[in-house]
2 protein chains.
Amino acid sequence: MNASATRDSIVTAADELFYTRGFEATSFADVAAVVGISRGNFYYHFKTKDAILDAVITRRMKSRDDMLRSWVDCGQSPKDSIGKFIRILLMNNEKIRAYGCPIGTLFTELSKRDHPGEPAARALFDLFRQWLRHRFEDLGCGADADQLAMHVLARSQGVATLANAYPDEPFLETEVAQMLAWLDAIAAQHAQTP
Amino acid sequence: MNASATRDSIVTAADELFYTRGFEATSFADVAAVVGISRGNFYYHFKTKDAILDAVITRRMKSRDDMLRSWVDCGQSPKDSIGKFIRILLMNNEKIRAYGCPIGTLFTELSKRDHPGEPAARALFDLFRQWLRHRFEDLGCGADADQLAMHVLARSQGVATLANAYPDEPFLETEVAQMLAWLDAIAAQHAQTP
DNA sequence: TCGTTTTTAGGTCATTTGTCCTAATTCGTC
DNA sequence: GACGAATTAGGACAAATGACCTAAAAACGA
């Protein structure tokens, strides 16, 4: 098989395992088993576990960046863009209930261990934060834009955590509806005072 | 030393280490070193790592339960009680910035590994949830009480996570102020429609 | 075919949990 | 104080696991 194809399937498998089982709990052997290659081959592509983590974070970064860009490029209103972000929680409903937020849980794990990959994991938060801030600026929120961005991020994180703790309850849907209502209010408020 | 005193200091040390480093990352040797006892003595008190985890969760449960009860017993209004809960985030400011929420991060870690201690960790959430629900009921929120309780829990979790990711920003204080303002609005709303 | 790339099989080394043992020390009780 | 029970120290050791490494084989392209 092509080397970059093998490398890619390793990163794909690692991404999934880091999400569902956690970074530390996932071993070389686990990833190799999913991909169907030997541990030695694994080492051929990635010298250290941190190198795989880097690749996984880079992959997530690109994936999220592409997603966010597509929402802006398709030309919808800033409010609808932010609404789409909030609705990610609904889109990934089952996975969030089962494993929490892939960004949040990874950061929390790396932070607790003072892992060198922590800044890279924080950069994933930054990506969403900047994007949200720009959308709120487009909405006319000016100086409040960053604070609003952080607010949306925090509530999303909280909802993901609690949905993970209480997966059998309709809590996630309720909270998303409330966040969308809150967004309506913010948008209305800044529409009349431009 | 008294056996229960030794046991207690083990649980205290484990509680702190599980919080600051995480459960999996903390080894028997780590805890024994902090307490200043031998590994042999350690095994005299706790046969397995899961047994220490149980003891730590029980301890946290009792500590939080005592705290919540004291807030009700001192006879302040339900609104002020809920306010005190929200202000936990301020009280534990530095620790939350450094290590996140002790309840949330423990649950997330155990959940991700399908650890048998997961239900016990969820019970900690339940404790806060029930208490908040009762306070909102006292406030006259009736059927909405549980949903409001979950809302407060979720926002607190989200704030803790983001404050952990951005420890150098005044974000935590800002969000607490907003939550307290939100609480004011809820209380006012139910004061005029009893 | 030849040389490079890719893959495999296997092993090393360190760490951690958990078990077990012995001897010393402390403690409660008489 | 004496005695037995509880507690502690300090280790040896097995089993498991995971990160990391090497060398030979296989696949592949020119």
Side-chain angles (χ1 to χ4, degrees), chain A residues 1-58 105-106 109-110 112-118 120-121, chain B residues 1-57 106 109-110 112-118 120-121:
Chain A
M1 203 198 298
N2 189 346
S4 81
T6 303
R7 193 192 137 96
D8 210 60
S9 56
I10 290 176
V11 179
T12 304
D15 193 348
E16 180 78 7
L17 287 172
F18 288 177
Y19 176 33
T20 58
R21 298 190 197 173
F23 171 67
E24 277 290 331
T26 303
S27 69
F28 275 39
D30 291 335
V31 183
V34 168
V35 180
I37 61 172
S38 68
R39 281 176 303 141
N41 190 12
F42 197 107
Y43 183 75
Y44 173 76
H45 292 280
F46 294 98
K47 297 301 176 195
T48 69
K49 204 178 172 185
D50 290 358
I52 317 166
L53 179 63
D54 271 349
V56 166
I57 292 179
T58 301
T105 55
L106 178 66
E109 182 177 1
L110 297 184
K112 196 139 278 196
R113 317 221 166 174
D114 291 318
H115 192 280
E118 188 193 312
Chain B
M1 202 197 300
N2 188 348
S4 80
T6 303
R7 195 191 136 96
D8 212 59
S9 58
I10 290 175
V11 179
T12 304
D15 193 348
E16 180 77 7
L17 288 172
F18 288 177
Y19 176 35
T20 58
R21 298 190 198 172
F23 171 67
E24 279 289 332
T26 303
S27 72
F28 278 37
D30 292 334
V31 182
V34 169
V35 180
I37 61 173
S38 66
R39 257 161 39 86
N41 189 11
F42 198 105
Y43 273 100
Y44 177 75
H45 293 279
F46 293 99
K47 296 302 172 195
T48 70
K49 202 178 173 185
D50 289 358
I52 317 167
L53 178 63
D54 271 349
V56 166
I57 292 180
L106 178 66
E109 181 177 3
L110 297 183
K112 198 140 275 196
R113 315 217 168 176
D114 290 320
H115 191 281
E118 188 195 311

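Per chain, numbering begins at 1; letters A, B, ... match sequence-line order. The shown structure was predicted, so the numbers you read here are calculated from the model rather than taken from an experiment.
As a whole-Å value, the separation of A/Tyr43 OH from C/dA9 P is 19 Å. One can place CZ of A/Phe42 at 17 Å from C1' of C/dA9, the figure rounded to the nearest angstrom. Spacing between atom CZ of A/Arg39 and atom C1' of C/dT7 amounts to 14 Å, rounded to whole angstrom units. Look at OH on A/Tyr44: it is 13 Å from P on C/dT4, rounded to the nearest Å. B/Arg21 places its CZ atom 10 Å from the P atom of C/dT16, with the value rounded to the nearest Å. The distance from atom CZ of A/Phe23 to atom C1' of D/dG18 is 12 Å, rounded to the nearest whole Å. Atom CD1 of A/Ile52 and atom C1' of D/dC20 are 11 Å apart (whole Å). Spacing between atom NZ of B/Lys49 and atom P of D/dT17 amounts to 15 Å, rounded to whole angstrom units.
B/Lys112 has its side chain out of reach of A/Glu24: every pair of non-hydrogen atoms, C-beta onward, lies at least 4.5 Å apart. Side-chain contact between B/His115 and B/Leu53: present, with at least one pair of heavy atoms (C-beta onward) separated by less than 4.5 Å. A/Phe23 has its side chain within reach of A/Asp50: a pair of non-hydrogen atoms, C-beta onward, lies under 4.5 Å apart. No side-chain heavy atom of B/Leu106 sits under 4.5 Å from any side-chain heavy atom of B/Val56.
Between B/Thr6 and D/dT8 there is a side-chain N or O to OP1 or OP2 distance below 4.0 Å. Phosphate proximity of D/dA9 to B/Ser38: present, with a side-chain N or O under 4.0 Å from OP1 or OP2. For C/dT8, one of the phosphate oxygens OP1 or OP2 lies less than 4.0 angstrom from a side-chain nitrogen or oxygen of A/Asn41.
Take the nearest nucleotide of DNA chain D for B/Gly36 and for A/Thr48: the residue whose nucleotide is more 5' is B/Gly36.
Counting any heavy atom pair closer than 4.0 Å across all strands shown, B/Phe28 reaches sugar-phosphate atoms only and no base atom.
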Exercise. For ring pair (Phe, Tyr, Trp, His ring centres under 6.0 Å), just list the numbers for B/Tyr43 and B/Phe28, CA-CA rounded to whole Å, side-chain angles, deciding distance to a tenth of an Å, and then say yes or no.
Key: CA-CA 9 Å; B/Tyr43 273 100; B/Phe28 278 37; 5.0 Å; yes

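Checking C/dT17, D/dC20, D/dA19 against the side-chain heavy atoms of B/Ser27 singles out C/dT17 as nearest.
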